[in-house]
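Quick notes on the structure that follows.
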Amino acid sequence: GEVIYFQVDKGDIGSDKMSGFYYFVNNKYYSYGGGFEDNITVNNGSTLKGTFSGVVSLGTDDTQFLTFTNSSVNINY
């Protein structure tokens, strides 16, 4: 399976609010490096919405990359 993990502080909205972004797939993990952008538009204690895009690299190997484009998050909790 695939898992995307990130953190956003409670109530934070705006750009560059995601931290600790990881993408897990096929027993490997990718983490963000330069050029990663996010924008959190709703963060009200029950809903988290936003967009993200950019490059993630495989573990500590900065020669293998994946690119997220026009990606979004919409979580009700």
Side-chain angles (χ1 to χ4, degrees):
E2 298 173 81
V3 173
I4 292 177
Y5 172 88
F6 62 90
Q7 297 175 335
V8 176
D9 289 339
K10 185 176 181 179
D12 274 0
I13 57 172
S15 61
D16 299 324
K17 299 301 179 183
M18 286 184 178
S19 64
F21 185 96
Y22 292 95
Y23 172 58
F24 298 91
V25 62
N26 298 327
N27 296 319
K28 298 177 183 177
Y29 77 91
Y30 294 80
S31 60
Y32 62 76
F36 192 89
E37 298 178 358
D38 67 78
N39 186 40
I40 301 300
T41 56
V42 176
N43 185 358
N44 63 16
S46 62
T47 302
L48 179 68
K49 292 183 182 181
T51 58
F52 61 95
S53 62
V55 175
V56 292
S57 60
L58 176 61
T60 58
D61 181 352
D62 60 2
T63 65
Q64 295 186 47
F65 302 96
L66 294 175
T67 303
F68 287 96
T69 55
N70 300 317
S71 302
S72 64
V73 59
N74 184 354
I75 301 170
N76 294 307
Y77 58 96

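Both Val25 and Ile4 are assigned to one and the same hydrophobic cluster, defined by single-linkage of ILVMFWY side chains at heavy-atom distances under 4.5 Å.
Residues Ile40 and Val8 come closest through the heavy atom pair CD1-CG2, 4.1 Å. Heavy-atom minimum distance, Thr67 versus Val55: OG1-CG2, 3.9 Å. In plain terms, the two heavy atoms of Lys10 and Asn43 that are nearest each other are C-ND2, 4.0 Å.
Below 30°, between 30° and 60°, or above 60°: for Phe36 and Phe52 the angle between ring planes is below 30°, a parallel geometry.
The structure places OG of Ser53 at 10.5 Å from CZ of Phe68, a figure rounded to the nearest 0.5 Å.
Residues in residues 68-77 take part in these side chain to side chain donor-acceptor pair (under 3.5 Å) pairs, two or more places apart or across chains: Thr47-Asn76. Among pairs with a residue in residues 18-41, those fulfilling side chain to side chain donor-acceptor pair (under 3.5 Å) read Glu2-Tyr23, at least two apart in sequence or across chains.
Residues Val56 and Phe65 fail the side-chain proximity criterion, which asks for heavy atoms closer than 4.5 Å.
Under the rule for a side chain to side chain contact (heavy atoms under 4.5 Å, CB included), the partners of Val73 that lie at least two apart in sequence or sit in another chain are Phe6, Met18, Ile75.
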